[in-house]
Amino acid sequence: MKSIIKAAELQALYGQENFVIIDATSGAEARKTYESSHLLNGLFVDLDRDLSAVNDPRLGGRHPLPSVPAFSETLSTLGIDAESHIVVYDRLNAANAAARFWWMARAAGVDKVQVLDGGFRAAREAGFPLSEGEELVPEPTRYRFEQWQLPTKALEEIDAWTIQDSKLIIDVREAARYEGLTEPIDLIAGHIPTAINVPFMGNLNSDGFFKDPEMLRLLYEPILGRRDAKDIAIHCGSGVTACHSILALAHAGYDIPNLYVGSWSEWSRNDLPRQPKD
């Protein structure tokens with residue numbers, strides 16, 4: 001199944017058995033934004049409560065993955081099981097936090113998960129029906145999975161990769177943060193030694209939609225070369241927008257590489273080398 005779905009394709013899914021639509025809008029006012037207007041039948045998930053664990057950022061970054069039992073319960077509460085067809089959207093071109101939900105659902109063993117290209121704006125402009133307030137809570141399922149089924153790397157492994165020429169570490173934050181010119185969120189500016197910068201916004205065209213697979217391959221082929229996905233790790237500030245680039249790679253037909261969930265927010269809190277140096 002394609003990882004990206006267009007707004008024009010969404011209407012046909014309504015009324016189908018096992019169809020679930022998820023609003024993964026994030027930010028301080030995310031719940032209020034959802035309640036004021038969302039796609040019909042859309043169920044809200046909260047980045048901090050549902051898609052992350054509460055933890056010391058030194059031990060997993062600002063948005064560590066929740067435990068397997070916790071996310072199993074989240075999926076069950078949303079009425080999701082292995083047969084569900086999920087479409088997820090947000091209001092920031094899949095960056096916060098539709099792509100993160102897509103990655104997590106896939107890693108939990110749900111195969112039919114798609115991200116709405118252009119998100120809420122695209123669906124609204126296409127005349128898609130909207131709703132407000134809360135939606136009816138679906139009948140819960142008893143979905144369970146045993147372990148995350150997509151590849152991840154831990155801090156110690158990324159540290160070892162910084163001295164291995166065969167490995168590729170990609171930082172998807174904007175160039176100013178990568179270069180250490182500014183750091184609006186984390187405590188220290190800079191980037192992981194040997195990491196290269198491929199900002200996630202490059203996955204989108206000027207209208208805010210994902211580039212087509214051919215254009216994405218033109219972007220990524222010179223960067224990835226002939227490396228196997230197992231030798232590539234992608235990170236950002238806290239393991240959220242990194243999923244945007246993993247989604248783009250899947251859309252382009254690449255195998256899914258490793259996600260370094262802790263990302264810069266974990267690395268920068270552990271007294272590890274960084275570039276540029278002070």
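A quick note: this is a predicted structure, and the numbers were derived from the prediction, not measured.
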Thr74 and Arg49: side-chain hydrogen bond (donor to acceptor under 3.5 Å, both in side chains), yes or no, with the steps?
CA-CA 10 Å; Thr74 294; Arg49 185 193 65 204; over 6 Å; no

Could you walk me through whether Leu249 and Ile234 satisfy the side-chain contact (heavy atoms from CB on, under 4.5 Å) test, starting with their C-alpha distance in whole Å, then the side-chain angles of each, then the deciding distance to 0.1 Å, before giving a yes or no?
CA-CA 11 Å; Leu249 288 170; Ile234 298 187; 3.6 Å; yes

Ion pair present between [X] and [Y], side-chain N to carboxylate O less than 4.0 angstrom?
X      : Y      : result
Arg62  : Asp186 : yes
Lys6   : Glu9   : no
Glu35  : Lys32  : no
Glu73  : Arg142 : no
Arg173 : Asp171 : yes

Does any N or O in the side chain of [X] come within less than 3.5 Å of the main-chain N or O of [Y], such that one atom is a donor and the other an acceptor?
X      : Y      : result
His235 : Ile170 : yes
Thr152 : Leu259 : no
Asn93  : Ala95  : no
Arg100 : Asn96  : no
Tyr178 : Pro199 : no
Asp117 : Ile5   : no
Tyr220 : Ala252 : no
Asn258 : Lys230 : yes

Close side-chain approach of [X] to [Y], heavy-atom, < 4.5 Å:
X      : Y      : result
Leu116 : Leu39  : yes
Ile21  : Tyr89  : yes
Leu40  : Ser131 : yes
His85  : Val20  : no
Asp159 : Trp267 : yes
Phe210 : Leu204 : yes
Phe128 : Leu10  : yes
Asp90  : Ser26  : no

Report the C-alpha separation of Tyr143 and Val110 in whole Å, then their side-chain angles, then the decisive distance to 0.1 Å, and conclude whether the side-chain contact (heavy atoms from CB on, under 4.5 Å) test is met.
CA-CA 10 Å; Tyr143 188 73; Val110 183; 3.8 Å; yes

Linked, directly or transitively: [X] and [Y] (ILVMFWY side chains, under 4.5 Å):
X      : Y      : answer
Met215 : Phe200 : no
Phe44  : Ile22  : no
Leu216 : Val198 : yes
Leu247 : Ile223 : yes
Ile185 : Val240 : no

Looking at every heavy atom in both [X] and [Y], which two are closest together, and how far apart are they?
X      : Y      : answer
Ser263 : Ser238 : CB-N, 3.7 Å
Asn41  : Glu135 : N-OE2, 3.1 Å
Pro257 : Pro151 : O-CG, 3.5 Å
Leu75  : Ala108 : CD1-CB, 3.8 Å
Val172 : Ser245 : CG1-OG, 3.4 Å
Tyr34  : His38  : O-ND1, 2.8 Å

Step-by-step side-chain contact (heavy atoms from CB on, under 4.5 Å) determination, Asp23 to Arg91
CA-CA 9 Å; Asp23 185 317; Arg91 289 165 172 80; 3.0 Å; yes

Could you check whether atom [atom1] of [X] has more than 12 heavy atoms from other residues, nucleotides or ligands sitting under 6.0 Å from it?
X      : atom1 : result
Asp56  : CG    : yes
Asp228 : CG    : yes
Glu125 : CD    : yes
Arg58  : CZ    : no
Glu132 : CD    : no
Asp255 : CG    : no

Euclidean distance, [Y] [atom2] relative to [X] [atom1], rounded to 0.5 Å:
X      : Y      : atom1 : atom2 : value
Thr162 : Leu272 : OG1   : CG    : 9.0 Å
Gln275 : Ile192 : CD    : CD1   : 10.5 Å
Asn270 : Leu59  : CG    : CG    : 7.0 Å
Leu155 : Lys153 : CG    : NZ    : 13.0 Å
Trp264 : Leu187 : CH2   : CG    : 10.5 Å
Leu13  : Gln114 : CG    : CD    : 7.0 Å

For Asp48 and His63, test the side chains for any donor-to-acceptor distance below 3.5 angstrom and give the result as yes or no.
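Checked: Asp48/His63 side chains pair up, N/O donor to acceptor below 3.5 Å.
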
Do Lys211 and Leu218 pass the side-chain contact (heavy atoms from CB on, under 4.5 Å) test, and can you show the C-alpha distance, the side-chain angles, and the key distance before you say yes or no?
CA-CA 10 Å; Lys211 293 175 179 175; Leu218 285 175; over 6 Å; no

Does the pair Asn203 and His244 meet the rule for a side-chain hydrogen bond (donor to acceptor under 3.5 Å, both in side chains), with working shown?
CA-CA 8 Å; Asn203 301 321; His244 192 279; 3.1 Å; yes

Mind checking whether Trp148 and Trp103 have parallel, tilted or perpendicular rings, split at 30° and 60°?
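Rings of Trp148 and Trp103: tilted, 30 to 60°.
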
Phe209 six-ring face occupied by Arg121 cation (under 6.0 Å, within 45°):
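Yes, Arg121 sits over the ring of Phe209.
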
